[in-house]
Colleague: 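Sending over a structure as structure tokens; questions will come in a sec.
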Amino acid sequence: MDDLGTTTTTPATIDDVSGDGTPSRWWATPLLLGGRMAGPILGAACLVVVGIILTSGSYLSTVFEDILIFAIAAMGVDFLGGFGGLITLGQAGFVGIGAYGVAVAEVHGYGPWAAVGISLATVLGLALVTGVVAVRVSGITFVIVTLALGEIFWGLGYQWTSLTSGDNGITLLSTPSIGPWNLSSTMTVWVTTFVVFLVILAVLLLMVRSPFGLSLRGLKSNERRLRALGYRTGVQRYVGYVIASFVAGVAGVLYIFSNHLISPATLTFSQDGFLVVMVILGGLGTIWGPCLGALVVVMFEQEISTYLARWETLMGVVFIAAVIFTPGGIAGLLRNGQRAISRLISAIRRARLPGAPTPAVASAAASTASGDGAPDAARDRSAGDGAAAGIAPRASSGGDR
Amino acid sequence: MTEFIVQTFNGLTLAGIIFLVSSGFTLIFGVMRVTNLAHGAVYLMGGYVAYSVIGDHTGYFFYGLAAGTAAMAGLGLLMERLLLPWLHHVEMAELLATLGLIYVIDDVSLAIWGGNPLNINLPGVLGDSSVLPFRRIVYPNGRFFILGVAVLVGVLLFAMLRLTRVGAIIRAGVDDRDMVNALGINVRRVFTGVFVLGSALAGFAGVLGVPVLGLYTGGDTTILLFALAVVVVGGLGSYEGAIVGSLVIGLVDTYGTAYFPAISYVVLFIPLVVILLVRPQGILGRRVMA
């Protein structure tokens, strides 16, 4: 489902070639290109805006820092859930271990760099160990087992007081630095978070297009066939699980440098659930969608909560509504809108217009596209993106228990 | 040794409460294939409702028990009639929607009953302790009462499932839902009945659990973890598995908390690991074709 906007182009091109050769619809070509490139262009624009907000040094910078950190963890959840079909409800546990790893190592006298290394190694080790158990099951049972795992990590943070100081949590002692680059400055943390976010976004986007990502997708749609083709599906699940958990651990390391405090509150079931809410709200199986989901959830948590004491109720209702009505999440809605616009543009290209139209006509036509697109979006919703999400009616049939 | 015996009694009591919760969870899953993650939130709200009824009058305990159970049966009816039809039996969508429901139920509970820990005391002689005839162990009567009630409910449910027509329909529903439908049985009504029964069990356990586990925000997560651990160990959807799993999890958690307080949650994970490595479908679960 990642080939944005390609569905509608072929008929138009054929029509163009078989035409009489007059350049009557030449002006639609950049529009069509624009339609195809709309996603990447919009995404790049969003990233630029986020970059500007982060470096503005305002209150919003801290909000967006949180958004990016949770977006990183949520992308990991999406990598495994949207492509491997394994939804984890325990990723906040790995975020917590990433954060605790740094703080605990510093308390035990290690320098900040060593602490980061120890933390990431711990995350990786725990992911490698717990993965052996978790990937023994799939589907619903996988959700249950990872939920239990996340709770156990929370329990460790809460109960192992000699190591974690229990409910009080641990504060960060020192921050790593190289020359002028020092994580004690908030601006440096913002920029670093942004860079790490971009790297992980790029790596995950490349990875889902790699042969491994494709085989993960195959695992989701028909594991038995993949096994028959000779794939070792258990290994694929395992690798996917380790990658997702490691990404969450990276988010945790960033979290401790931005928050300077880690307590069991970061590892609660609520937080585990938030990550899944981000992924589903944003759009399962897109990698970039969960970033939008993180934006929505963090806005609920930090902004709407100041006006509405019962923000969790509202968020819960919004989430349930999203599960029911837009299984593709925000990404699915955007994609439907884009598809509708592409359809409209190719319709314009095909139209036999008398005389040479002017670009002004074209842009006017394009501006009405969003209005015309609504019914199409409604029609497409269940057919296309629901299937991508795997939570639409009849999309995830039995057999994965 | 005395300590060990006391802990064993504690573990059995905890197992009783866990059994009441997880039997409801596993029945709902077994018959309807609905993973009701909000089951723990229902458990917690049952306790809160009972607290409102009982207040300072310990004598009203049984009214509270009835009210908590009935209220959660009603909540289950609402969920089954108003929410589940929207999800068209898609298992993952049902799981996610009930995840969203946790936030709603917990937040509403927080709005009504506040964030302070509450408690309910057992009435009359149940609030006292007895000296056991061996080793002069002093043990609260209330815990024996809770254990006894759990065993009684377990036996009644077992009898219902094994001996009655309704039980036969439910077991048939677990085995082959489509076939039951084809036989002309109103599966829709069976589903509603099972969901209401499961939610009532959660509410019932929520009230009985308060004297042992307390009544506090976030208590639902702990009980949900227990219930999920039980179904992984016992086998998802298996009633007998819920009995076995509850005993394992109740005892392991109690011994873990008593002897390894710093890592009791990790101790709890040991049975999970063993089961997943040796028998991923659970002790009494059946392997579903992948």
Side-chain angles (χ1 to χ4, degrees), chain A residues 85 87 89 132-134 136-141 143-145 147-149 151-156 158-163 223-224 227 268-270 273 276-277 280 309-325 327 390-401, chain B residues 29 33 35 37 40 83 86-108 110-111 218 220-222 224-229 231-232 236-237 257 260-269 272-277 280-282 285 287-290:
Chain A
I87 292 180
L89 246 179
V132 173
V133 179
R136 296 274 295 168
V137 289
S138 58
I140 302 282
T141 320
V143 180
I144 291 176
V145 169
L147 193 163
L149 262 172
E151 279 302 290
I152 283 149
F153 289 151
W154 168 84
L156 272 179
Y158 186 70
Q159 294 179 321
W160 198 351
T161 45
S162 58
L163 193 73
E223 182 174 348
R224 202 191 271 181
R227 261 205 307 262
T268 54
F269 176 63
S270 251
V276 171
V277 171
I280 303 294
R310 300 273 74 83
W311 63 275
E312 280 201 28
T313 301
L314 181 65
M315 197 197 71
V317 170
V318 167
F319 176 64
I320 294 170
V323 169
I324 293 172
F325 297 110
I391 58 170
R394 301 290 168 207
S396 71
S397 54
D400 53 355
R401 284 186 287 280
Chain B
F29 182 87
R33 293 279 176 260
T35 314
L37 288 185
L83 177 64
W86 290 96
L87 302 162
H88 308 287
H89 303 298
V90 182
E91 290 173 17
M92 198 50 88
E94 286 166 338
L95 183 148
L96 292 169
T98 55
L99 170 67
L101 208 56
I102 294 178
Y103 292 106
V104 177
I105 296 178
D106 279 358
D107 200 39
V108 168
L110 186 68
D220 59 322
T221 312
T222 312
L224 179 68
L225 171 66
F226 286 149
L228 296 181
V231 296
V232 170
L236 197 49
T257 313
F260 312 98
I263 53 163
S264 74
Y265 271 82
V266 178
V267 175
L268 184 63
F269 198 54
L272 247 71
V273 171
V274 172
I275 288 298
L276 288 175
L277 292 179
Q281 71 270 40
R287 190 180 285 280
V288 181
M289 291 304 287

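Everything quoted here is computed from the prediction, not taken from an experiment. Protein chains get the first letters and strands the later ones, always in sequence-line order, with residue 1 at the start of each.
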Colleague: Find out whether B:Leu268 and A:Ile152 are in side-chain contact, i.e. whether some heavy atom of one side chain is under 4.5 Å from a heavy atom of the other.
Modeller: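 They are not in contact (no side-chain heavy atoms under 4.5 Å apart), so the answer is no.
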Colleague: Between B:Tyr103 and A:Val277, is a side-chain contact (heavy atoms from CB on, under 4.5 Å) present by the stated rule, with each step listed?
Modeller: CA-CA 11 Å; B:Tyr103 292 106; A:Val277 171; 4.2 Å; yes
Colleague: Taking side chain as everything from C-beta outward and backbone as N, CA, C, O, which of these in A:Trp154 sits under 4.5 Å from a heavy atom of chain B? Side chain, backbone, both or neither.
Modeller: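 Just its side chain gets close to chain B.
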Colleague: Quick one: what part of B:Leu95 sits under 4.5 Å from any heavy atom of chain A, side chain, backbone, both or neither?
Modeller: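 For B:Leu95, the contact with chain A is made by the side chain alone.
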Colleague: Go through the atoms of B:Leu225 and report whether side chain, backbone, both or neither lie under 4.5 Å from a heavy atom of chain A.
Modeller: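 Looking at B:Leu225, just its side chain touches chain A.
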Colleague: Sort out for me which of A:Ala148, A:Ser270, A:Ala321, A:Ala309 touches chain B most, counting heavy-atom pairs under 4.5 Å.
Modeller: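 Greatest number of close heavy-atom pairs with chain B: A:Ser270.
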Colleague: Return the minimal non-hydrogen interatomic distance between B:Ala97 and B:Leu87, and the atom names on each side.
Modeller: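 For B:Ala97 and B:Leu87, the tightest heavy-atom pair comes out as CB-CD1, 3.6 Å.
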Colleague: Which bit of B:Ala111 comes within less than 4.5 Å of chain A, counting heavy atoms only: side chain, backbone, both or neither?
Modeller: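 When you check distances to chain A, atoms from both the backbone and side chain of B:Ala111 fall under 4.5 Å.
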Colleague: Give, as side chain, backbone, both or neither, the part of B:Ser264 having an atom under 4.5 angstrom from any heavy atom of chain A.
Modeller: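 B:Ser264 touches chain A through backbone and side-chain heavy atoms alike.
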Colleague: Counting only heavy atoms not in A:Trp311, do more than 12 fall under 6.0 Å of its CH2?
Modeller: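 Atom CH2 in A:Trp311 is packed in, count exceeds 12.
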Colleague: Counting only non-hydrogen atoms closer than 4.5 Å, does B:Val108 touch chain A with its backbone (N, CA, C, O), its side chain (CB onward), both, or neither?
Modeller: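 Both parts, backbone and side chain.
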Colleague: By a 4.5 Å heavy-atom criterion (distance strictly below it), what part of A:Val143 contacts chain B: side chain, backbone, both, or neither?
Modeller: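 Side chain of A:Val143 only, per the 4.5 Å heavy-atom cut-off to chain B.
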Colleague: Would you mind telling me which of A:Leu89, A:Val318, A:Thr313 has the largest number of heavy-atom pairs within less than 4.5 Å of chain B?
Modeller: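 Answer, by heavy-atom pair count under 4.5 Å with chain B: A:Thr313.
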Colleague: Taking all heavy atoms of A:Gln159 and all of B:Ala262, pick out the closest pair and write down the distance.
Modeller: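 It is CB-O, 3.4 Å.
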Colleague: Please state whether the side chain, the backbone, both or neither of A:Val317 comes within less than 4.5 Å of a heavy atom of chain B.
Modeller: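 Backbone plus side chain of A:Val317, per the 4.5 Å heavy-atom cut-off to chain B.
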Colleague: For A:Thr268, is it the side chain, the backbone, both, or neither that has a heavy atom closer than 4.5 Å to a heavy atom of chain B?
Modeller: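 Neither; nothing under 4.5 Å.
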Colleague: Suppose the criterion is salt bridge (charged side-chain N to carboxylate O under 4.0 Å, His left out): which pairs have a residue in residues 309-323 of chain A, not counting sequence neighbours?
Modeller: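 As it turns out, the salt bridge (charged side-chain N to carboxylate O under 4.0 Å, His left out) pairs with a partner in residues 309-323 of chain A, which skip direct neighbours, are A:Arg310-B:Asp107.
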Colleague: Are B:Thr35 and B:Glu91 close enough that some pair of their side-chain heavy atoms sits under 4.5 Å apart?
Modeller: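 B:Thr35 vs B:Glu91: side chains apart.
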Colleague: Once you round to the nearest 0.5 Å, how far does CD of B:Glu94 lie from CG of B:Leu99?
Modeller: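 Result: 13.5 Å between the selected atoms.
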Colleague: How long is the span from the CG atom in A:Leu147 to the CD1 atom in A:Ile87, to the nearest 0.5 Å?
Modeller: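 If we round to the nearest 0.5 Å, A:Leu147:CG and A:Ile87:CD1 are 12.5 Å apart.
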Colleague: Where on A:Val133 is there a heavy atom nearer than 4.5 Å to chain B: the side chain, the backbone, both, or neither?
Modeller: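 Looking at A:Val133, backbone and side chain both touch chain B.
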Colleague: How about A:Phe269 and B:Ile102: do any of their side-chain heavy atoms sit closer than 4.5 Å?
Modeller: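 They are in contact (side-chain heavy atoms under 4.5 Å apart), so the answer is yes.
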Colleague: Who among B:Val231, B:Leu101, B:Leu110, B:Thr221 has the most heavy-atom pairs with chain A under 4.5 Å?
Modeller: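 Result: the option with the highest number of such pairs is B:Thr221.
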Colleague: Under 4.5 Å from any heavy atom of chain B, what part of A:Leu163 do you find: side chain, backbone, both or neither?
Modeller: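 It is neither, since no heavy atom gets under 4.5 Å.
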Colleague: Is B:Leu224 in contact with chain A via its backbone, its side chain, both, or neither, using a 4.5 Å heavy-atom distance?
Modeller: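 Only the side chain of B:Leu224 comes within 4.5 Å of chain A.
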Colleague: So which of B:Ile263, B:Leu83, B:Leu228, B:Leu272 has the biggest tally of heavy-atom pairs under 4.5 Å with chain A?
Modeller: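 Looking at each of B:Ile263, B:Leu83, B:Leu228, B:Leu272 in turn, B:Leu228 comes out on top.
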